[in-house]
Amino acid sequence: QVQLVESGGGSVQAGGSLRLSCAASGYTYRCMGWFRQAPGKEREGVAAISPGGITYYANSVKGRFTVSRDNAKNTAYLQMNSLKPEDTGMYYCATPQRTGGNCAAWASYNYWGQGTQVTVPS
């Protein structure tokens, strides 16, 4: 059974940093993605990483966010720097059911964690 558990969210001033973690169980060697959903907006893909470490980013976070993973721990991370108020939202990690696909195909993700809240006050 696939399980994803996020941690590391919180409230931080603009310009600050947070590091999110996603502990996965029930599978190995799949894409791992990070998504966010702001109040009143649709969920959007933020970053993803392949089992081999190839990374993908939304334009809005390139140069500020870094996705990584530790396959031995089956854990993914999202380092978020230079945070902005528009980064506020619930952050989710996710993985697709299938292996070997394009990790930036956001619609392919269908296992989700419970989310962790990130707040950057304006």
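Note that the structure is a prediction, hence the values are computed from the model and not measured.
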Please check if the side chain of [X] supplies one atom and the backbone of [Y] the other of a donor-acceptor pair under 3.5 Å.
X	Y	value
Thr88	Thr119	no
Asp70	Lys73	yes
Arg30	Pro96	yes
Glu6	Cys22	no
Asp87	Val120	no
Arg69	Ser50	yes
Tyr27	Thr95	no

Distance, nearest 0.5 Å, that separates [atom1] of [X] from [atom2] of [Y]:
X	Y	atom1	atom2	answer
Arg36	Glu86	CZ	CD	8.0 Å
Ser122	Lys84	OG	NZ	14.0 Å
Cys103	Tyr56	SG	OH	5.0 Å
Cys31	Ile49	SG	CD1	10.0 Å
Gln117	Gln37	CD	CD	10.5 Å
Thr116	Met90	OG1	CE	7.5 Å

Exercise. Applying the 4.5 Å side-chain criterion to the ILVMFWY set and letting contacts propagate, would Leu4 and Leu18 be lumped into a single cluster?
Worked result: yes
Exercise. Are Met32 and Val61 co-members of a hydrophobic cluster defined by side-chain heavy atoms under 4.5 Å apart?
Worked result: yes
Side-chain heavy-atom pair [X], [Y] within 4.5 angstrom cut-off:
X	Y	result
Gln97	Tyr111	yes
Tyr29	Asn71	yes
Thr66	Tyr57	yes
Arg19	Leu78	no
Pro121	Ser11	yes

For this session: Using side chain to side chain contact (heavy atoms under 4.5 Å, CB included) as the criterion, point out the one residue from Tyr77, Tyr92, Tyr91, Phe65 that pairs with Leu20.
Result: Tyr91
Exercise. Does any donor atom in the side chain of Ser17 or Asn81 lie under 3.5 Å from an acceptor atom in the other side chain?
Worked result: yes
For this session: Answer yes or no for Arg43 and Trp106: cation-pi contact, defined as NZ/CZ to six-membered ring centre under 6.0 Å and angle to ring axis within 45°.
Result: no
Problem set entry | Which atom of Ala94 lies closest to which atom of Phe35, heavy atoms considered | CB-CE1, 3.9 Å
